[in-house]
Amino acid sequence: AATVSVYFHVISKDSTAAGGNIPDSMIADQIDVLNDDYASAGLSFVLAGTDRTVNSQWFNQVGPDSSLQTTMKRQLRKGGKADLNVYTVGFTSGSGEGLLGYSTFPSDYSGNPTDDGCVILFSSLPGGSTNRFNEGKTLTHEAGHWVGLYHTFQGGCSGSGDSVSDTPAESSPASGCPTGRDTCSSSGVDPIHNYMDYSDDSCMTEFTPGQATRMAGQLRTYRGISI
Ligand code: ARG
Ligand code: ZN
Ligand code: CA
């Protein structure tokens with residue numbers, strides 16, 4: 001087993017909760033969700049610090065690959081390669097408009113340590129205002145990328161897919177919580193309950209043993225973490 005320190009960086013457009021300045025209780029509840037979801041993989045999380053920044057440009061526009069997200073992270077990032085930095089923002093415009101979140105992978109770290117971490121929609125935390133995506137599974141999913149997992153639909157029906165053998169191949173992302181979805185005839189029914197699919201939060205319930213094995217390898221190789 002291993003414990004990851006988590007630094008939360010709350011970005012808001014003003015000082016109100018509706019403006020992104022979420023309360024400590026939501027962050028505590030989010031850490032609890034992570035601990036529930038990763039327990040079977042032997043990973044736990046502890047809150048190591050929270051900082052708060054009012055910056056409406058960052059709140060609105062820190063999309064994937066934007067220079068603004070690098071600027072933000074350079075100012076706020078804490079710890080080293082074994083520590084998880086989480087930024088909560090609004091994604092109202094630019095390359096991130098409408099997103100729930102995005103993340104770096106462990107193998108990105110050596111090339112670009114500054115950008116390491118997860119950026120998520122503030123209202124996706126437990127009890128947040130985003131319908132169907134407000135049970136904290138967005139950070140579970142983004143942290144899944146941070147520990148080295150790909151989407152279950154990676155590569156579609158052929159090839160190595162997500163490089164995990166016990167997640168049946170899937171031709172495209174699932175949405176909602178479809179019963180009996182089976183998009184690849186070559187393998188089992190779609191893993192719609194997997195945290196690395198795109199189903200609704202209430203539909204997401206598992207990582208597989210194969211994913212736990214992959215995360216352990218990725219964390220050891222790239223982040224110096226031994227589970
Ligand atoms: N679309 C995002 C991504 O690919 C996150 C999906 C999160 N899904 C959820 N049910 N919260 O990284
Ligand atoms: Zn994803
Ligand atoms: Ca697979």
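In listed order, ligands and their atoms are each counted from 1.
- At a heavy-atom cutoff of 4.0 Å, ligand 1 is contacted by no atom of Ser103, backbone or side chain.
- Rounding to 10 degrees, one finds that the Ca ion (ligand 3) sits at the corner of an angle of 70° between Asp162 OD1 and Thr167 OG1.
- With a heavy-atom cut-off of 4.0 Å, Tyr198 touches ligand 1 through its side chain alone.
- For the salt bridge (Lys or Arg N to Asp or Glu O under 4.0 Å) criterion with Lys78, the lone passing option out of Asp51, Asp83, Asp116 is Asp51.
- Exactly one residue among Tyr150, Phe105, Tyr195, Tyr102 makes a ring pair (Phe, Tyr, Trp, His ring centres under 6.0 Å) with His145. That residue is Phe105.
- Residue His141 places at least one N or O, backbone or side chain, under 3.5 Å from an N or O of ligand 1.
- The atoms of ligand 1 that sit less than 4.0 Å from any heavy atom of Ser199 are 9 (C), 10 (N).
- Of all the atoms in ligand 1, the ones that sit under 4.0 Å from a non-hydrogen atom of Asp201 are 9 (C), 10 (N), 11 (N).
- Taking each heavy atom of Ser95 and Ser66 in turn, the nearest pair found is OG-CB, 4.4 Å.
- Checking Gly161 against the Ca ion (ligand 3), every N/O/S atom stays at or beyond the 3.0 Å cut-off.
- With rounding to the nearest 0.5 Å, the separation of CD in Glu142 from CG in Leu84 is 10.5 Å.
- For the residue pair Asp14/Thr16, the side-chain donor-acceptor check at 3.5 Å is satisfied.
- Below 3.5 Å of separation, one finds no N or O of Tyr102 facing any N or O of ligand 1.
- Annotation for ligand 1: atoms under 4.0 Å from non-hydrogen atoms of Glu142 are 2 (C), 3 (C), 5 (C), 12 (O).
- With respect to atom 8 (N) of ligand 1, the closest heavy atom belonging to the protein is Met204 CE, 3.8 Å.
- Atoms of ligand 1 found under 4.0 Å from any heavy atom of Lys137, numbered from 1 in the order shown, are 11 (N).
- Judged purely by atom type and a 3.5 angstrom limit, Asn194 has no side-chain atom pairing as donor or acceptor with the backbone of Asp197.
- Protein heavy atom at the shortest distance from atom 7 (C) of ligand 1 is Leu100 CD1, 3.8 Å.
- Side chain of Asn85 to main chain of Tyr7: no donor-acceptor pair is present (N/O by atom type, distance under 3.5 Å, no hydrogens or angles).
- Using modelled atom types, one finds no donor on one side chain facing an acceptor on the other under 3.5 Å when comparing Ser93 with Asn60.
- In this structure, Glu135 falls outside the shell of residues with a heavy atom less than 4.0 angstrom from ligand 1.
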(Q) Let's go through Leu219 and Leu43 carefully: what are the C-alpha distance in whole Å and the side-chain angles of both, what is the deciding distance for side-chain contact (heavy atoms from CB on, under 4.5 Å) to 0.1 Å, and is it a yes or a no? (A) CA-CA 10 Å; Leu219 287 173; Leu43 202 57; 3.9 Å; yes

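- Heavy-atom proximity to His151, at under 4.0 Å, picks out these atoms of ligand 1: 4 (O).
- Contact atoms of ligand 1 toward Phe133: 9 (C), 10 (N), 11 (N) (distance under 4.0 Å to a heavy atom of the residue).
- Here Thr104 contributes atom OG1 and Lys73 contributes atom NZ; the two are 6.0 Å apart, rounded to the nearest 0.5 Å.
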